[in-house]
Amino acid sequence: MTDHGAVSIGERVFNFSPGPAVLPLEVLERAREELLALPGVGISVLEISHRSPAFDRILSETLSDLRTLLGVGDDHEVVFLQGGASLQFSMVPMNLLRGRTAAADYVVTGTWGATAIKEARREGKVHVAWDGKATNYDRLPEAGEISLSDAPAYVHITSNETIQGVQWKKEPDVGAAPLVCDCSSDFLSRPIDVGKYGLIYACAQKNAGIAGVTAVIIRKDLLERSRDDLPTMLDYRTHVTNGSRPNTPAVFAVYVLGLVCRWIRDTVGGLDSMARHNRGKAKVLYDVLDASGGFYTGHARPGVRSDMNVTFRLPDEATEKEFVKGATARGLVDLKGHRSVGGIRASIYNAMPMEGVTALRDYMLEFQQARQA
Ligand SMILES: *Cc1c(COP(=O)(O)O)cnc(C)c1O
């Protein structure tokens, strides 16, 4: 057998990927330590039965840690599903809209919201309450710009549009309608007032762990809307009734989500502290854009800029290509923006350390200086 030795931290680059994304080093180290045998169990988490007492403990601790972090009250259930956030684009309207005469209202603030509404149209009546496409999703609606339908089945928003880099700072007022939120790219990055929501869903692989598990937080009264003709596995009630285990869950993904929750609680100090840290990191980069005299131009308008995905353009595409190439050579990787926006996207989720952000800042300053010399 070859001894590969430990991968030294020096080999890790700063990963600005939009997702799957950077994980806290402490979480990776813990997972590595426990990979061959969970303490006191003697079996890897990759091998244990999802019905074993060891996994009972992992699942129940992860659920309860998540509930405590977010302050989820008794009115809401929390379940872990598979199929990613994308499956929720369908499950939400299947469970909350199918068979109803009212429309579901969508506030479309970017690519993910546009993808969600497409799936909802298959299930029932849909109403576009606002759509920011005209300005390529660089802004959010002002109060008064959202036009709700009459007693909508629910109102769907995307708290952070990962591709365009626009983020709600506060929930819109939707009256009595249940507010449904795709929180995939800012879940656990800041506190959230769960009581204001009918349903929250988030895949884990941006801020909260690895691909394979999606958290759904649903107000209990909304479970009564699901119809009996739904496929069993697409009915929220199945997952609630069976405690997230109607079939084999993504055991390892749930385990990593649990490690991330513990990291936020014990190392970061909770979600207030997490949010302060994230805001501080984002400010470092937005300050560079604002002081660049137009060399770097942000995509999102000030006021709705995301703390998670910082999107910006350089003077032309050739310069952007060189920027990305030079960054990669310095160990600042995956900065190329999505093709629908172009330019650069720096995703600076929870686990991106401040050192990664300041390394990017220094590179941006040097790059501009060299170009304008
Ligand atoms: C990544 C992402 C998705 C898609 O998640 P999958 O788990 O790949 O289906 C949906 N919505 C938002 C806001 C995202 O950032």
Visitor: If the threshold is 4.0 Å, N to carboxylate O, is there a salt bridge linking R361 and E366?
Guide: no
Visitor: Is the gap between the ring centers of Y106 and H156 under 6.0 Å?
Guide: yes
Visitor: Are Y154 and L230 connected in a single hydrophobic cluster, I mean Ile/Leu/Val/Met/Phe/Trp/Tyr linked by side-chain heavy atoms less than 4.5 Å apart?
Guide: yes
Visitor: Between Y197 and C183, is any pair of side-chain heavy atoms under 4.5 Å apart?
Guide: no
Visitor: Out of curiosity, L96 CG to I218 CD1, how far, rounded to the nearest 0.5 Å?
Guide: 5.5 Å
Visitor: Between E161 and Y137 (side chain of the first, backbone of the second, donor and acceptor by atom type, cut-off under 3.5 Å), is there such a pair?
Guide: no
Visitor: Nearest 0.5 Å, please: how far is CG in L285 from CG in D290?
Guide: 11.0 Å
Visitor: Looking at K283, I want to see if its NZ is surrounded by more than 12 non-hydrogen atoms of other residues, nucleotides or ligands under 6.0 Å.
Guide: no
Visitor: Hydrophobic clustering (ILVMFWY, side-chain heavy atoms < 4.5 Å, transitive) - are V333 and M364 grouped together?
Guide: no
Visitor: Say you draw a straight line from NE2 of H76 to CD1 of I200; how long is it, rounded to the nearest 0.5 Å?
Guide: 6.5 Å
Visitor: Looking at D316, I want to see if its CG is surrounded by more than 12 non-hydrogen atoms of other residues, nucleotides or ligands under 6.0 Å.
Guide: yes
Visitor: Is there a donor-acceptor contact under 3.5 Å from the side chain of R313 to the main chain of V341?
Guide: yes
Visitor: Taking R67 for the side chain and E77 for the main chain, is one N or O donor matched with an acceptor at less than 3.5 Å?
Guide: no
Visitor: Report, as yes or no, whether the 6.0 Å neighbourhood of atom CG on D173 holds more than 12 heavy atoms from other residues, nucleotides or ligands.
Guide: no
Visitor: Does a salt bridge link E34 with R30, judged by any charged N lying under 4.0 Å from a carboxylate O?
Guide: yes
Visitor: Under the side chain to side chain contact (heavy atoms under 4.5 Å, CB included) test against I58, which residue among L38, V251, L259 passes?
Guide: L38
Visitor: Please name the pair of heavy atoms, one in R139 and one in T135, separated by the smallest distance, quoted to 0.1 Å.
Guide: CG-OG1, 4.1 Å
Visitor: Could you check whether any side-chain N or O of T158 sits under 3.5 Å from a backbone N or O of W112, counting only pairs where one atom can act as donor and the other as acceptor?
Guide: no
Visitor: Do L70 and P191 come within less than 4.5 Å of each other through their side chains, counting heavy atoms only?
Guide: no
Visitor: Less than 4.0 Å between a side-chain N and a carboxylate O, is that true for E119 and R122?
Guide: yes
Visitor: Looking only at heavy atoms, what is the nearest atom pair of D228 and R237, with distance?
Guide: OD1-NH2, 2.9 Å
Visitor: Roughly how far apart are L257 CG and N207 CG, rounded to 0.5 Å?
Guide: 11.5 Å
Visitor: Passes side chain to side chain donor-acceptor pair (under 3.5 Å), N350 versus S189? Steps please.
Guide: CA-CA 6 Å; N350 283 350; S189 74; 4.9 Å; no
Visitor: For the residue pair I344 and T311, establish whether any side-chain heavy-atom pair is separated by less than 4.5 Å.
Guide: no
Visitor: Could you tell me whether D266 and R262 make a salt bridge, using a distance below 4.0 angstrom between a side-chain N and a carboxylate O?
Guide: no
Visitor: Verify, without hydrogens or angle tests, whether H50 (side chain) and A250 (backbone) share a donor-acceptor contact under 3.5 angstrom.
Guide: no
Visitor: Quick check: are there more than 12 heavy atoms from other residues, nucleotides or ligands sitting under 6.0 Å from CZ of R51?
Guide: yes
Visitor: Do T297 and L289 make a side-chain contact, defined as non-hydrogen atoms from C-beta onward lying under 4.5 Å apart?
Guide: no
Visitor: Is there a donor-acceptor pair under 3.5 Å between the side chain of E145 and the backbone N or O of E142?
Guide: yes
Visitor: Check R301 with D138, please: is the shortest side-chain N to carboxylate O separation under 4.0 Å?
Guide: yes
Visitor: Is a donor on one side and an acceptor on the other found under 3.5 Å between the side chain of H239 and the backbone of V216?
Guide: no
Visitor: Are D56 and R245 ion-paired here, with the side-chain N under 4.0 Å from a carboxylate O?
Guide: yes
Visitor: Just checking F323 against Y363, ring centres under 6.0 Å apart?
Guide: yes
Visitor: Which atom names give the shortest non-hydrogen contact between A202 and S184, and what distance separates them?
Guide: CA-OG, 3.7 Å
Visitor: Between S340 and N136, which heavy-atom pair has the shortest distance, and what is it?
Guide: O-ND2, 3.4 Å
Visitor: Working to the nearest 0.5 angstrom, can you tell me the gap between Y236 OH and M91 CE?
Guide: 5.0 Å
Visitor: Side chain to side chain donor-acceptor pair (under 3.5 Å) between E26 and T267: does it pass, once the steps are laid out?
Guide: CA-CA 9 Å; E26 292 91 332; T267 306; 4.9 Å; no
Visitor: Assess the residue pair Y255 and T62 against the criterion (side-chain contact (heavy atoms from CB on, under 4.5 Å)); give the C-alpha distance rounded to whole Å, side-chain angles, the decisive distance to 0.1 Å, and a yes or no.
Guide: CA-CA 8 Å; Y255 162 79; T62 303; over 6 Å; no
Visitor: Is there a donor-acceptor contact under 3.5 Å from the side chain of E320 to the main chain of L314?
Guide: yes
Visitor: Check this for me: does any side-chain nitrogen of one of D186 and R190 sit under 4.0 Å from a carboxylate oxygen of the other?
Guide: yes
Visitor: Using side-chain heavy atoms (C-beta onward) and a distance below 4.5 Å, is V254 in contact with L59?
Guide: yes
Visitor: Roughly how far, to the nearest 0.5 Å, is the OG atom of S185 from the CG atom of N160?
Guide: 3.5 Å
Visitor: Out of curiosity, does V155 fall in the hydrophobic cluster containing I192 (side-chain heavy atoms, cut-off under 4.5 Å, transitive links)?
Guide: yes
Visitor: Is there a donor-acceptor pair under 3.5 Å between the side chain of H127 and the backbone N or O of D150?
Guide: no
Visitor: Counting only heavy atoms not in E317 (residues, nucleotides, ligands), do more than 12 fall under 6.0 Å from its CD?
Guide: no
Visitor: Just checking K325: does its NZ atom have more than 12 heavy atoms from other residues, nucleotides or ligands closer to it than 6.0 angstrom?
Guide: no
Visitor: Would V107 and W168 count as a side-chain contact (heavy atoms from CB on, under 4.5 Å) here? Give the steps.
Guide: CA-CA 11 Å; V107 183; W168 291 89; 3.8 Å; yes
Visitor: Given 3.5 Å as the limit, does a donor-acceptor pair link the side chain of K118 with the main chain of F89, or not?
Guide: no
Visitor: Within the structure provided, determine whether N278 and I348 are in side-chain contact (heavy-atom separation under 4.5 Å).
Guide: no
Visitor: Less than 4.5 Å apart, any side-chain heavy atom of F14 and any of M352?
Guide: yes
Visitor: Are L63 and F80 side-chain neighbours, meaning at least one heavy-atom pair lies under 4.5 Å?
Guide: yes
Visitor: Same hydrophobic cluster for W263 and L271, using side-chain heavy-atom links shorter than 4.5 Å among ILVMFWY?
Guide: yes
Visitor: For C181 and I157, run side-chain contact (heavy atoms from CB on, under 4.5 Å): C-alpha distance rounded to whole Å, both residues' side-chain angles, the deciding distance at 0.1 Å, then the answer.
Guide: CA-CA 5 Å; C181 183; I157 62 169; 3.9 Å; yes
Visitor: Under 4.0 Å between a side-chain nitrogen and a carboxylate oxygen: does that hold for R227 and D229?
Guide: yes
Visitor: Salt bridge between D307 and K281, side-chain N to carboxylate O under 4.0 Å?
Guide: no
Visitor: Compare every heavy atom of L23 with every heavy atom of A351, then report the nearest pair and how far apart it is.
Guide: CB-C, 3.4 Å
Visitor: Quick one: closest heavy-atom pair of I163 and R345, and the distance?
Guide: CA-NH1, 3.4 Å
Visitor: Check for me, please, whether M233 and L223 land in the same ILVMFWY cluster - side-chain distances under 4.5 Å, paths through other members count.
Guide: no
Visitor: Give the C-alpha distance, both sets of side-chain angles, the deciding distance and a yes or no for side chain to side chain donor-acceptor pair (under 3.5 Å) between D105 and S149.
Guide: CA-CA 7 Å; D105 290 7; S149 66; 2.8 Å; yes
